[in-house]
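Keep in mind that the numbers below use all heavy atoms, side chains included, and drop hydrogens, waters and symmetry copies. In what follows, every chain begins at residue 1, and chains take the letters A, B, ... in the order their sequences are listed.
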Number of protein chains: 2
Amino acid sequence: MTRASVRDQIADRALLLFDQNGFDETTIDDIALAVGISSRSFFRYFPAKEDVVLNDPTPFGEIVRDTAAARPANEPVWAVLRRAFDPLHATTVVDVTRGLRIMRIMMSTASLRARNLEKHITWAAMLEPVIAARLSGSDESRRFRAQILIHSALACLDVALAEWTRRDGSTDVATLLDEAFEIPNS
Amino acid sequence: MTRASVRDQIADRALLLFDQNGFDETTIDDIALAVGISSRSFFRYFPAKEDVVLNDPTPFGEIVRDTAAARPANEPVWAVLRRAFDPLHATTVVDVTRGLRIMRIMMSTASLRARNLEKHITWAAMLEPVIAARLSGSDESRRFRAQILIHSALACLDVALAEWTRRDGSTDVATLLDEAFEIPNS
DNA sequence: CCTAAACTGTCACCCCATGACACAAATATC
DNA sequence: GATATTTGTGTCATGGGGTGACAGTTTAGG
């Protein structure tokens, strides 16, 4: 009964309840009861109810940033951003059912969708220096353009993931992302 | 003492408190006390605390959609999207101080920034049919590409507004938006 | 002036979240 | 193996956001 395993157990139970009864309709007490713990203990594993569905953006943000930073210096910025999301495919492939469930819950709950968009803000802030470094011009101009490009890329990611969910995972996320990234440059 | 005027009064007081004490640090009771109403009455004017800062996206979304729909049929889609945001400048010019205050509060509160991004989802859904109608290809493809273009445009809008705030309103929103919209096509 | 609608405060309640505390279990140390 | 320490847990109390119900008051309209 390691800590991580208990956490996973809570998450599994909770996601199931969220999926079938709705996120807002499922209370912490419901989850705690289903797992057999006190509602107080729930918060000892998750800082908030939403964190069962949305994981901390920072760790993955670091991976994305480092991936972008590791791309060749002469690679076009837009391609760098596309490649930065490569590590993401892996996670969507590991457990498709779970991934789709999470997406389903997320897209049917306003507050969760909003929290998910917060990830963009975090990632954009982390990516900014890496992307700005690959642009030319004044510091101001580079910062501004980096923000635009990053947020556009994140928009592509979001739409691609939404489409992936809409198709029930039948099309690869990588394929959808490739398609999405071609569109702004047309 | 019309309903709208009371609402404005509450909003003004609340925004002032949010700005100087922080959004999370300011409680509903604080606002109610400052205005001289009961905390229950606050919710009779605003469905939630956040709604003091973020207004309902739908009314303005309709304006944006209709503006886009009214553009000439042969205009490039990206230009249509740029023009769709024209009605927004007006609002940022009417009361710059208030606009900047709202932006300041919003950008210093994670939950508010996230909720603000949710506006994108609403607007994107409203704009989708208008934009998709201007694209060619299969229904699926048009929908997908419309989403990407719309979300990219909204990303430009967001970054432009953030920059406007950062510069304390010294640069026109229209100018920043023009700059922003040039970047993805480069 | 009187009635009906709109508005208000108070009270009760639910849910999420956090801090404090006592207690049991697991682990470490001798 | 006995003891001490760390870790996890349940319970309780508190605070903030949000909602429904109800009674009293103000306002508008005839």
Expressed in angstrom and rounded to an integer, what is the separation of A:R115 atom CZ from C:dC16 atom P? 14 Å
Please work out which residues in residues 8-28 of chain B have a non-hydrogen atom less than 4.0 Å from an atom of DNA chain C and list them by number. none
Going by side-chain hydrogen bond (donor to acceptor under 3.5 Å, both in side chains), A:N116 matches just one of A:R113, A:K119, A:E118. Which one? A:K119
Give a yes or no on whether A:R13 atom CZ has more than 12 heavy-atom contacts from other residues, nucleotides or ligands under 6.0 Å away. no
Are any non-hydrogen side-chain atoms of B:D172 and B:H89 less than 4.5 angstrom apart? no
Do the charged groups of B:E140 and A:R166 touch, with an N to O distance under 4.0 Å? yes
Cationic N near anionic O, under 4.0 Å, B:E75 to B:R134: no
Can you tell me if CZ on B:R71 sees more than 12 non-hydrogen neighbours from other groups inside 6.0 Å? yes
Identify, residue by residue, the members of residues 38-57 of chain B with a heavy atom below 4.0 Å from DNA chain C, and return them in order of residue number, or none. B:S38, B:R40, B:S41, B:R44, B:Y45
Is it the case that B:R104 and B:S108 place a side-chain donor and acceptor less than 3.5 Å from each other? no
Salt bridge or not between A:R115 and A:D51? Use side-chain N to carboxylate O under 4.0 Å. no
Distance, rounded to the nearest Å, where A:I37 contributes CD1 and D:dG10 contributes P: 7 Å
